[in-house]
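Everything below concerns the one structure shown next.
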Amino acid sequence: MNKTPKIKRAEPVFKTPMTYSPRIVGNKPVPSPSRAEIWKQQLGFDENENFSVVEYHALQKELDERNTQRDELLFKIKTLTDKNKHYKSRLEKEELTKRQQMKILCKSQETQLQEKDNLIGNLQSIIEEHEEQLVDMEHKINGSYKQPPSVKLIEDIKRLQMKKHHSQQNCKQLHQKWKIILVLLREITQINDLQQVVTKIKKVEIQIESEQLKSSYISCQQDKDVLQSKLTSVQLEIEECKQKLTLSHSNNTQLLEQVQHWQNQYSSLESESEVALQAAAEDKERTVADVREAMKSSMHNLQKQYDVMCQKIGVLGSLYSDLTESYILIEKQAKQFPKIIKKTVTDVTKQTTKAISEINEYNKELVKKYHREMFLRKKYHNELVELKGNIRVFCRVRPKIREDGSGAMANDVIDYDRDDDGLLYVANKARTQTFEVDKVFTQTSTQPEVFDEVKALVTSCIDGYNVCIFAYGQTGSGKTFTMEGPQSDPGINQRALKELFSETSTRVGDWQFTITVSAIEIYNEMIRDLLSDDPSYKMEVKMNPEGGGLYVPGLSFVEVSTVAHVNEVFSIGQKNRATATTNMNEHSSRSHALLCVTVTGVNRTTNTKTIGKLNLVDLAGSERVSKSGADGTRLKEAQNINKSLSSLGDVIHALRSKQNFVPYRNSKLTYLLQDSLGGDSKTLMIVQVAPVEKNVAETICSLNFAQRVRTVELGQASKKMESGDVEMDMGSSTPSKSSTPLKQNIGGSSYTPIKNSSSTPTLRNYTGTPIGSTTPNQSTPNKGGTPVASKYPRRK
Ligand SMILES: Nc1ncnc2c1ncn2[C@@H]1O[C@H](COP(=O)(O)OP(=O)(O)OP(=O)(O)O)[C@@H](O)[C@H]1O
């Protein structure tokens, strides 16, 4: 009784149920242990040990308590297990719903993404459209717009409104989805609460002592771990979802911003398009009004044209019927045409042959007549020149040049008569003086125009006439330009020789011509041969000892046949003239330059010989000495020029007044040109004048001189011709009685040809009776006789 039974608390109280199992010992069944024995055994007591009923009852009580405890625990466990199961199922459900939600979310995200992609695509296309619209509008603004864009713009606005509506719907959908996501987040919070409950359970489980509890706890723990891991994965997924949500939210915001931006753009475009529409409408109205106006006028024109056309159609109708009739007629005639043609051709051939033979005959007659007419033309031409007087005077006004300067002194003082090309007006000190010459060349007259007027005179030397052309005028008035001219636009000298070449070449069948030239300069009353090897050698005019008039011993003559050759000779002359002086321009102004051309022709059939001389003279400047204020050498030069020019005037005056004495010998110039100034020669004086105020005094002086020269009446010009050995004066129609061979004259002097210096010239000087004779047209030396009172301008 004193012994307290030992209870092993570490082990469960009952391992097996309390069942009765009788023991069999040998063949006899062993009696079953008593209840007390079983209890002793089970409680660890010895068989022999006694335990009282009280102990037993105490133990029984303890056992009952334990059983109730156990039942309670079992109940709790059951409840917990149930709860656990419930939570598990709930978790599973939750997991399932979450999965489904996740799937839905993913799908919705995908669709959202898809939609966003679409939206972005749409927005891009809208942007492109807008850009196109902007380009269109730019084109419209730049004026390349052709059609009113109202319809297209309205369509675009409608499309944009649709897109706006669509974007708003998308926004709404996104908003709803955002709400769902918020609900999901709330549930996730609840799940977290559940997790806390599970933690509490864990605490309860610790209190469970029994192994079963432990094992169930372990299994629960495992389940919980699984659930925990699942929860973690769900949480991760949720986190991902959250991130995606945030991303989509930000995307959404961006999209909303874009939508807002596009809405703004849309509204600005809308307002722009409204303005454009209004402008286009106004434009349209204006264009319509213009077009209406244009249409009205064109309709009016068309109506007029229509009326005209109707009239024409009426006329054409009658014409058509006429034409139809004529066509029928022509058709008939055309059928007969080959026959008619044949007949006509035969007739025409006969007629043509006849006509040709007639024309041939007629032509022959015409050629004869032509020759006769040519002869008469020449004759009449010469008669005309003779009637006009053998001294002819032209005036040439040079154009203004740089040297004329500017201001009042450069004003034009010369005017011309429109109807009479021989009249010239010079304005001088508030009055206008009129001058009359044979022909006036204006400032615009060209070199060919001038030469055209002198051509006949030049070519008359081929027929044996002596011709003398002077250029007279003050320095710088254009004398050299007219006589020589620049290389590009040559003057009378070169053109005359060219003309002589061409004219003689046309007569080459009947005649043989020789043309020779010599160049002379008279400076300070000294004669120089410009073609000589020594141009400084001073030459003299001498009386031919054989009685053939005057000549310059040793003067060079060069035979020329081409223009190139002539140019070569001219350049030699100019070079020799230049080498003798320091200032060529001044020197040329103060000296006379003579180009003497001799044309000798021999008729191949009759052996008739003609000799004509052409003297082309560029005189020294005619200005008064007082104007140039000369002294010393200049004064001497001026006096010499004055002497020769006034001698020229005196000679012409003496000739004009038919005086017995003509003072040829008063200057080298007149002495040298004696036979060209005689009564049987043709003389042309070209008076050169400047057009400006500055030179008006000299211009008037020169023109006065020209007028006086013009009134001189010379005798009839005579043609020099030798028939065989007999010399003939065609002008007087009296053959020369003298048969003495004379040296050929140049400007009244005889010469020795350069080319053939050995051959003695056999021609007689037929320019008139030699000096000293009593013929009125010839001069006698002025041997200190009474000087002729000169009426010509003399130098002061
Ligand atoms: N008809 C014209 N057309 C164009 N220029 C001209 C004409 N006449 C003269 N001239 C020019 O006027 C200027 C003077 O002419 P030019 O030398 O011929 O005068 P000039 O009377 O011969 O002088 P000088 O007495 O000094 O020799 C030159 O420059 C010349 O080119």
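Whatever order the structure lists them in is the order used to number ligands and atoms, beginning at 1. Numbers for residues simply follow the sequence, beginning at 1.
- Side-chain atoms of K479 do not come within 3.5 Å of backbone N or O of A471 as any donor-acceptor pair.
- Residue contacts with ligand 1 include R396, since one or more of its heavy atoms lies under 4.0 Å from the ligand.
- In terms of polar-atom proximity, defined here as any N/O pair under 3.5 Å, G621 makes no such contact with ligand 1.
- Among the atoms of G478, some N or O lies under 3.5 angstrom from an N or O of ligand 1.
- For the pair S477 (side chain) and V689 (backbone), a donor-acceptor distance under 3.5 Å is absent.
- Using a 4.0 Å heavy-atom cutoff, Q443 is absent from the residues neighbouring ligand 1.
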Salt bridge (charged side-chain N to carboxylate O under 4.0 Å, His left out) between E521 and R528, worked out: CA-CA 5 Å; E521 183 192 63; R528 294 202 301 127; 2.7 Å; yes
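- Between G473 and ligand 1 there is no heavy-atom distance shorter than 4.0 Å.
- Considering backbone and side-chain N/O atoms, D618 never comes within less than 3.5 Å of an N/O atom of ligand 1.
- The cationic atom of K439 (NZ for Lys, CZ for Arg) does not lie both less than 6.0 Å from the six-membered ring centre of F394 and within 45° of the ring axis.
- Not counting sequence neighbours, D415 has no partner by the side chain to side chain donor-acceptor pair (under 3.5 Å) test.
- Interface of K479 with ligand 1, defined as ligand atoms under 4.0 Å from a residue heavy atom, comprises 18 (O), 19 (O), 20 (P), 21 (O), 22 (O), 25 (O).
- When heavy-atom distances to ligand 1 are checked against a 4.0 Å cut-off, T475 comes that close through both its backbone and its side chain.
- Residue-to-ligand polar distances keep P399 apart from ligand 1: every N/O pair is separated by 3.5 Å or more.
- Between Y425 and Y416, the distance from one ring center to the other does not fall under 6.0 angstrom.
- Relative ring orientation between F705 and Y472 is described as parallel, the plane-to-plane angle staying below 30° on a 0-90° scale split at 30° and 60°.
- Ligand 1 has a nitrogen or oxygen under 3.5 angstrom from a nitrogen or oxygen of S477.
- Near Q474, with a cut-off below 4.0 Å to any heavy atom, the atoms of ligand 1 are 21 (O).
- The side chain to side chain contact (heavy atoms under 4.5 Å, CB included) search around S505 returns none, not counting sequence neighbours.
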